[in-house]
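The next block holds one structure in the form of structure tokens; read it before the comments.
The sequence lines fix the lettering, A, B, ..., with proteins before strands; numbering per chain opens at 1.
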Amino acid sequence: MTSQTVRVRFAPSPTGYLHLGGARTALYNYLFARHEGGRFVLRIEDTDRTRYHPEALPDLLMGLRWLGLWWDEGPEIGGEYGPYYQSDRVHLYREYAEQLLREGRAYRCYCSAERLASQRARQREDDDHGGATGTPGYDRHCRYLTAKQIADYEAQGIRPVIRLAVPLEGVTEFDDLLRGHIAVQNEQLDDLVLLKSDGFPTYHLANVVDDHLMAITHILRGDEWLASVPKHVLLYRAFGWEMPVQVHLPTILDPSGKGKLSKRKKKTADGKELLTYIHEFRQKGYLPEAMVNFLALVGWSYDAEHEFFGRDELIRVFDLTRVSKSPGAFSYDKLDYMNAAYIRGLGQNDLAGRLLPILRESGLDADIDSVLAFVPHIQERIKVLSEASEWIDFAYVDDLSYDAGELLQKRLTPQQAAVALEAAAAALEALPEYSETAIEAALRAQAEASGLKAREFFGAVRVAATGKAVAPPLFGSLAILGQARTVRRLKAAIAALAALG
RNA sequence: GCCGCAUUCGUCUAGUGGCCUAGGACACCUCCCUCUCAAGGAGGAGAUCGGGGGUUCGACUCCCCCAUGCGGUACCA
């Protein structure tokens with residue numbers, strides 16, 4: 001066990017889109033595999049036919065690829081341990097379930113869903129009245145059926161499930177790499193279903209069989225699975241297999257730190273929507289490299305000082321023993337901060353190239369040259385790519401509609417503003433060369449002559465030219481806008497001021 | 001109810017018995033820079049380490065109890 005190569009797997013079920021928690025689990029598996037020079041396997045756990053969602057799988061694969069978490073074996077690329085869809089492996093699970101049946105370690109159960117439900121309800125009642133022992137789950141009604149009873153059920157045509165016959169006494173124990181030794185009384189375990197009546201396996205059976213058959217050495221998964229590990233231990237023992245190393249990752253909490261960050265849509269206290277699906281982050285304009293860096297830090301840390309890590313660096317320093325045991329909140333603020341930092345670190349051509357499709361999608365008739373021209377001015381101002389359109393959309397429309405109040409910033413009178421804009425328009429119109437430096441020189445001279453404060457003068461010009469009180473740096477923006485359009489807008493603004501009185 | 005896991009500034013965390021009068025980061029506040037907004041720079045505020053008992057010369061660090069939170073308790077994963 002010491003010298004075998006590390007094999008880990010990410011095993012999502014195609015019941016929903018790739019979300020933060022899943023991506024984090026996938027990332028840790030990926031980083032661990034790469035760090036150890038091992039293999040990263042992707043396995044699709046599509047054993048729940050009722051919750052199957054056709055769009056989930058493509059979303060999962062695309063999300064992983066966008067994050068750069070390429071799998072070594074799995075869907076679309078195959079591998080020597082396939083197939084990698086559990087729905088293609090049902091015959092295996094059946095064989096193993098029947099083996100346990102033959103050995104008397106499992107039994108057929110004919111109980112109806114109704115009987116199970118009412119039994120559960122009764123159990124809850126007892127609990128609420130302080131009765132019972134707290135022994136959970138199925139009452140083992142079918143574990144001790146006589147041959148005749150079985151024959152009767154079969155005659156009725158009931159399709160049974162197969163349940164594991166869990167030891168009634170004793171203790172089941174295991175070690176988790178992060179949490180240490182964990183022991184559970186067997187009386188706390190119920191006779192779990194291994195094979196459903198539709199012939200598909202439950203997670204418990206399929207996961208144990210596949211992890212063994214696929215030679216998985218380490219299981220890294222969310223800690224919501226911790227409670228079912230004892231059941232898995234029983235299965236490994238029943239089959240005589242060695243159990244992979246267990247590593248249960250801490251839950252990701254919502255930003256308040258109070259509740260689990262679920263895949264369901266959640267809102268912040270002030271009603272802001274929280275993104276949870278990976279494709280939502282992509283659409284909003286988070287960089288995959290920032291997502292990977294940040295996700296790595298949700299539940300893991302390197303030391304007290306460092307938190308910016310490129311992919312290769314992460315692979316080099318990632319260490320399972322430094323994974324945190326306690327649940328951590330997902331801080332959207334810090335993600336924004338980190339994404340902004342990554343955006344600032346991008347080359348200008350790179351950033352322009354990433355911006356263009358997003359701007360086009362948002363309806364702007366943008367071209368690569370003008371976007372590239374804007375990049376130096378907005379690069380340090382945007383936290384996510386999609387924000388760029390709010391900054392530069394003024395350059396892609398014909399006419400502006402002015403908000404009268406905004407034209408009169410800083411308590412300028414309409415007359416003062418009009419005079420300032422007249423001067424600016426005249427100066428700009430007279431410019432032989434419409435460059436950023438020429439514009440700045442001309443405008444600064446006019447600002448000086450106007451007697452207004454710089455912020456008042458430039459503020460008026462800014463609103464007139466862009467329609468915004470907050471915009472990218474003025475002189476550069478005007479240069480990109482072009483002489484004709486700038487002058488036209490200044491004059492339109494003067495007219496609007498005149499109408500104002 | 002029962003079982004399991006967790007508990008350091010608002011948030012993410014560093015910390016593995018003395019280096020901690022607890023360090024860093026995000027967010028927040030002030031100032032500087034400045035054509036707006038950012039970015040950047042300089043400061044500031046913010047944690048009696050969930051509570052209570054032990055162990056020890058000494059505990060954020062080890063042990064026990066309690067509280068709280070989260071997870072599980074499905075023919076879902």
Side-chain angles (χ1 to χ4, degrees), chain A residues 11-13 15-16 45-48 50-51 109 111 113 116-117 120 123-124 126-138 159-163 176 178-179 182-185 187-190 192-198 200 202-204 206-207 222-230 248 250-251 253 255-260 294 297-299 301-307 324-338 340 344 377-383 391 409 440 443-444 447 453-459 461-463 466 468-475:
Chain A
S13 75
T15 53
E45 310 221 324
D46 53 351
T47 57
D48 185 342
T50 59
R51 291 202 306 156
C109 170
C111 291
L116 262 21
R120 249 195 311 274
Q123 203 171 68
R124 269 222 68 93
D126 290 348
D127 287 347
D128 290 347
H129 297 307
T133 56
T135 302
Y138 180 56
R159 301 195 60 82
V161 303
I162 296 179
R163 289 181 183 272
D176 182 277
L178 263 21
R179 293 152 209 283
I182 294 171
V184 173
Q185 300 292 322
E187 57 195 36
Q188 292 301 328
L189 275 19
D190 74 344
L192 60 145
V193 172
L194 301 177
L195 212 61
K196 307 180 222 175
S197 55
D198 65 4
F200 277 68
T202 59
Y203 172 82
H204 305 296
N207 137 287
D223 79 354
E224 67 268 24
W225 291 110
L226 193 59
S228 43
V229 177
H248 287 85
T251 310
L253 270 21
S256 71
K258 294 201 175 69
K260 187 186 177 188
F294 189 70
L297 262 13
V298 181
S301 65
Y302 177 67
D303 65 7
E305 255 83 81
H306 303 83
E307 48 184 11
S324 157
K325 289 194 284 261
S326 51
F330 187 90
S331 169
Y332 288 81
D333 279 342
K334 190 146 184 183
L335 200 219
D336 281 352
Y337 155 80
M338 185 165 273
R344 270 178 261 133
H377 301 114
I378 62 173
Q379 184 157 22
E380 60 194 23
R381 274 165 247 268
I382 56 175
K383 291 193 177 78
W391 283 95
Q409 283 196 79
E440 175 162 9
L443 252 25
R444 283 200 186 281
K453 289 180 179 169
R455 58 189 297 131
E456 295 170 334
F457 185 87
F458 295 131
V461 176
R462 169 177 302 106
V463 175
T466 69
K468 299 171 189 298
V470 174
L474 225 208
F475 313 121

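- Pairing partner, B:rA42: B:rU30, with both Watson-Crick or wobble hydrogen-bond distances short of 3.5 Å.
- Across all strands shown, A:Gly299 has heavy atoms under 4.0 Å from sugar-phosphate atoms exclusively, and none from any base.
- Applying the ring pair (Phe, Tyr, Trp, His ring centres under 6.0 Å) criterion to A:Phe458, with sequence neighbours excluded, gives A:Phe475.
- Under the salt bridge (Lys or Arg N to Asp or Glu O under 4.0 Å) criterion, A:Asp46 pairs with no residue at all, not counting sequence neighbours.
- Comparing B:rA77, B:rC75, B:rC35 by their nearest atom to the side chain of A:Leu116 picks out B:rC75.
- For the pair A:Arg159 and B:rC75, the criterion of a side-chain N or O lying under 4.0 Å from OP1 or OP2 is not met.
- Across all strands shown, nothing is found opposite B:rA59 as a Watson-Crick or G-U wobble partner with both distances under 3.5 Å.
- Pairing for B:rC5 goes to B:rG69, judged as Watson-Crick or G-U wobble with the two contacts each under 3.5 Å.
- In this structure, A:Ala454 reaches the sugar-phosphate backbone alone: every heavy-atom distance under 4.0 Å involves primed, P, OP1 or OP2 atoms, never a base.
- Using a 4.0 Å heavy-atom distance criterion, A:Ser13 is classed as a sugar-phosphate-only contact.
- Other residues, nucleotides and ligands contribute more than 12 heavy atoms inside 6.0 Å of the OH atom of A:Tyr332.
- Taking side-chain N and O atoms only, A:Thr47 has a distance below 4.0 Å to OP1 or OP2 of B:rA77.
- Residue A:Arg163 places at least one side-chain N or O under 4.0 Å from the OP1 or OP2 atom of B:rC75.
- Spacing between atom CG of A:Asp46 and atom P of B:rA77 amounts to 10 Å, rounded to whole angstrom units.
- Residues satisfying the side-chain hydrogen bond (donor to acceptor under 3.5 Å, both in side chains) test with A:Arg344, not counting sequence neighbours, are none.
- Pairing of B:rC37, defined by two Watson-Crick or G-U wobble distances under 3.5 Å, is not identified with any nucleotide.
- With sequence neighbours left out, A:Trp225 forms a ring pair (Phe, Tyr, Trp, His ring centres under 6.0 Å) with A:Tyr203.
- Looking at residues two or more places apart in sequence or on another chain, you find a side-chain hydrogen bond (donor to acceptor under 3.5 Å, both in side chains) between A:Lys334 and A:Glu307.
- Residue contacts for A:Phe475: at a heavy-atom cut-off of 4.0 Å it reaches a base atom on one of the strands shown.
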* To do: Could you encode protein contacts along nucleotides 23-30 of chain B as a string, one character per nucleotide from 5' to 3', using B for base contact, S for sugar-phosphate-only contact and - for no contact, with a heavy-atom cut-off of under 4.0 Å?
  => BSBSS---

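- Within the nucleic acid shown, A:Pro12 has no heavy atom closer than 4.0 Å to any nucleic acid atom.
- No contact: A:Cys109 has no heavy atom under 4.0 Å from any strand.
- Listed by chain and number, the residues in a salt bridge (Lys or Arg N to Asp or Glu O under 4.0 Å) with A:Asp223 are A:Arg179 (sequence neighbours excluded).
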* Structure fact -> With sugar-phosphate taken as primed atoms, P, OP1 and OP2 and all else as base, the protein-contact string of nucleotides 3-8 of chain B at under 4.0 Å (heavy atoms; B, S, -) is SSSSS-

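- OP1 or OP2 of B:rA14 sits under 4.0 Å from a side-chain N or O of A:Ser301.
- The phosphate of B:rC76 has neither OP1 nor OP2 within less than 4.0 Å of any side-chain N or O from A:Arg51.
- The ring pair (Phe, Tyr, Trp, His ring centres under 6.0 Å) test applied to A:Phe294 returns A:Phe330, not counting sequence neighbours.
- Toward the 5′ end of RNA chain B lies the nearest nucleotide of A:Glu380, the other residue of the pair A:Val193 and A:Glu380 mapping further downstream.
- At least one side-chain nitrogen or oxygen of A:Arg444 sits closer than 4.0 Å to the OP1 or OP2 atom of B:rC35.
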